[in-house]
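To keep things clear, I will list the structure first and then write my remarks on it.
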Amino acid sequence: MQRIQLLGSTGSIGSQAIDIIEEFPEAFALHAISARHNVKKVLEILSRHDCEIVVMAGEHQETIESAYPGVTFIALEDEGLKSIVEYAPDAKVLNALVGSVGLPPTLAAIERGKDVLLANKETLVVGGPLIRKALEHSSSTLIPIDSEHAALRECLKGSDIDDVEKLVITASGGSFRDVDKEKLKDATVEDALKHPNWDMGAKITVDSATMMNKVFEIIEAHYLFDMPYERIEALLHHQSVIHGMVHFKDGNVLAHVGPSDMRIPILSAMQGDSRKRFPSLFDLAAYGTLSFEPIDKDRYSLYDLGTAVARKGGLHVVTMNAANEEAVQLFLNKKISFLDIEALITRALDHFPNTETFTLDTLLAHEREVRSYIKHEYQKVKTCS
Ligand SMILES: NC(=O)c1ccc[n+]([C@@H]2O[C@H](COP(=O)([O-])OP(=O)(O)OC[C@H]3O[C@@H](n4cnc5c(N)ncnc54)[C@H](OP(=O)(O)O)[C@@H]3O)[C@@H](O)[C@H]2O)c1
């Protein structure tokens, strides 16, 4: 029985991971869960699973403990996400948190030699160099759950990375792919949250509409597969049927095909070397024609900016991510317009100098500065737009 410590259990990925655990009760069990404030969902999960540990904002302690006295409650404020991984050395950590809050627990898990099943893309975006270094001194394995990287991992099985010429990931184009760029100034939160192919959490759905999500995935691919940026490409592919492709040196190209269903990469990461039976079969014929095109850098200007920042590397990637997290939240709270997201990220990159190297402590301190800068700066951007 594989025990799972599920960080971000109440979110979109967290809920789908629980679906998989419930589909295969003989193979997987929940050992610990985390959330921030969604106490209703946490109580629902506890009613169906014998979890030993719950990490949440401290204000929910009494509610959880009175309903489930046997559960150990750890407050988020007491570094709960990091301390969760100290329990149950045999358990795997499934990180489904949103945002760079996911980095410290991933690092802590790797330092303890635990395998990490990683949906939280911001971990590698901001902490790629730190994660890479930690993995050099650890027995743990990092297994991606993002659909594109899970696809690449399947295509790479049994092959040598030195035989790879290029990695390709695909992009749906997000909620505004059929909207003229001039009309984006009027884009509403409700429209941004209507993704054409996937049902995901709010932040990633907005990142998908700005194409920042694809920048993040290129950075993830760079660190996961140790591939230089110039050999990673993203293609616009409206149907989201092919998630990733590997071009080998000898001209062979392997593509991973499947539905827009995150439960497949979640199961792939959880199942280890076995192959379990997924409940439904994919019907490629239902999709008809598949289309592919390069990403238009004028149309998706944040993609162009973000990939340039990624290629340069250093602390600017952290600046970009923190500014993006704050700006997306401001947009979701209807404080700024859709186009202000990019304007704020550009301002932050102009304001903060880049440095080549950083530690976890300097990274976290820098993030706090950037977040505070955006919270003060957004009023000015608003007036300009
Ligand atoms: N959704 C997808 O289909 C998908 C696909 C590929 C990759 N990903 C990546 O997977 C990650 C999770 O995405 P998601 O869509 O599942 O996000 P989500 O639905 O917003 O869920 C986020 C989870 O993290 C918790 N959380 C949020 N902020 C927190 C904080 N500051 N401290 C502690 N916990 C916090 C939430 O708890 P509460 O519910 O209590 O707020 C929730 O459990 C992201 O990095 C995303 O880019 C998602």
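As the structure lists them, so they are numbered: ligands from 1, and atoms in each ligand from 1.
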Check whether any side-chain N or O of [X] sits under 3.5 Å from a backbone N or O of [Y] as a donor-acceptor pair, and report yes or no.
{"X": "S9", "Y": "A35", "result": "no"}
{"X": "S15", "Y": "G11", "result": "yes"}
{"X": "D78", "Y": "G80", "result": "no"}

Task: Under-4.0 Å heavy-atom contact with ligand 1, by part of L97 that carries it - done: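 Both backbone and side chain of L97 come within 4.0 Å of ligand 1.
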Open item on the list: Test of understanding: given a 4.0 Å heavy-atom threshold, classify the contact between A202 and ligand 1 as side chain, backbone, both, or neither.
Closed with: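 Answer for A202: neither.
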Open item on the list: I'd like to check whether G99 has a polar contact with ligand 1, where a contact means an N/O of the residue lying under 3.5 Å from an N/O of the ligand.
Closed with: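 N/O-N/O distance under 3.5 Å: no.
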Open item on the list: Is there a polar contact between ligand 1 and S147, counting only N or O atoms under 3.5 Å apart?
Closed with: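 It does not: no N or O of S147 is found under 3.5 Å from an N or O of ligand 1.
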Open item on the list: Parallel, tilted or perpendicular: which one describes the rings of F225 and H149, with boundaries at 30° and 60°?
Closed with: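 Judged by the thresholds at 30° and 60°, the geometry between F225 and H149 is parallel.
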Heavy-atom nearest neighbour in the protein, as seen from [atom], with distance rounded to 0.1 Å:
{"atom": "atom 47 (O) of ligand 1", "answer": "K121 CE, 3.2 Å"}
{"atom": "atom 8 (N) of ligand 1", "answer": "I204 CD1, 3.6 Å"}
{"atom": "atom 6 (C) of ligand 1", "answer": "D146 OD1, 2.9 Å"}
{"atom": "atom 12 (C) of ligand 1", "answer": "A96 O, 3.3 Å"}
{"atom": "atom 19 (O) of ligand 1", "answer": "S12 N, 2.9 Å"}
{"atom": "atom 10 (O) of ligand 1", "answer": "A119 O, 3.2 Å"}
{"atom": "atom 21 (O) of ligand 1", "answer": "G11 CA, 3.2 Å"}

Task: 4.5 Å side-chain heavy-atom contact, I45 and I18 - done: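 The answer is yes; the side chains approach within 4.5 Å.
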Atoms in ligand 1 flagged as close to [X], the criterion being non-hydrogen separation under 4.0 Å:
{"X": "T10", "value": "36 (C), 37 (O), 38 (P), 39 (O), 40 (O), 42 (C), 43 (O)"}
{"X": "I13", "value": "1 (N), 2 (C), 3 (O), 4 (C), 5 (C), 10 (O), 16 (O), 48 (C)"}
{"X": "M200", "value": "1 (N), 2 (C), 3 (O)"}
{"X": "G8", "value": "23 (C), 24 (O), 43 (O)"}
{"X": "E122", "value": "44 (C), 45 (O)"}
{"X": "S9", "value": "43 (O)"}
{"X": "G201", "value": "1 (N), 15 (O), 19 (O)"}
{"X": "N38", "value": "39 (O), 40 (O)"}

Side-chain polar contacts of residues 321-331 - donor-acceptor pairs under 3.5 angstrom, sequence neighbours left out - could you list them?
| from | atom 1 | to | atom 2 | distance (Å) |
| --- | --- | --- | --- | --- |
| N321 | ND2 | E325 | OE2 | 2.9 |
| N324 | ND2 | D207 | OD1 | 3.0 |
| E325 | OE1 | R371 | NH1 | 3.3 |
| E325 | OE1 | R371 | NH2 | 3.0 |
| E325 | OE2 | S100 | N | 2.7 |
| E326 | OE2 | R371 | NH1 | 2.9 |
| Q329 | NE2 | N333 | OD1 | 3.4 |

Task: Of the listed options Q16, K41, E148, R36, closest to atom 41 (O) of ligand 1 (non-hydrogen atoms) - done: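 Among Q16, K41, E148, R36, the closest heavy atom to atom 41 (O) of ligand 1 belongs to R36.
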Open item on the list: Can you check which of T205, V98, D207 brings a heavy atom nearest to atom 20 (O) of ligand 1?
Closed with: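 The nearest heavy atom belongs to V98.
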Answer yes or no: is there an ion pair linking [X] with [Y], defined by an N-O contact shorter than 4.0 Å?
{"X": "K133", "Y": "E136", "result": "no"}
{"X": "E122", "Y": "K203", "result": "yes"}
{"X": "K312", "Y": "E356", "result": "no"}
{"X": "D90", "Y": "K114", "result": "no"}
{"X": "E165", "Y": "K249", "result": "no"}

Open item on the list: For D304 and S301, which I'm curious about, is there any donor-acceptor pair between the side chains at under 3.5 Å?
Closed with: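 Judged by distance alone, the side chains do not pair up.
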Counting only pairs under 3.5 Å, give me each side-chain donor-acceptor contact of residues 172-179, with atom names and distances, residues two or more places apart or in other chains.
| from | atom 1 | to | atom 2 | distance (Å) |
| --- | --- | --- | --- | --- |
| S172 | OG | G174 | N | 3.1 |
| S172 | OG | H195 | NE2 | 3.1 |
| S175 | OG | A192 | O | 2.6 |
| R177 | NH1 | S172 | O | 2.9 |
| R177 | NH1 | H238 | O | 3.0 |

Open item on the list: Below 4.0 Å from ligand 1: does a non-hydrogen atom of K203 turn up there or not?
Closed with: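 Outside the 4.0 Å threshold, so no.
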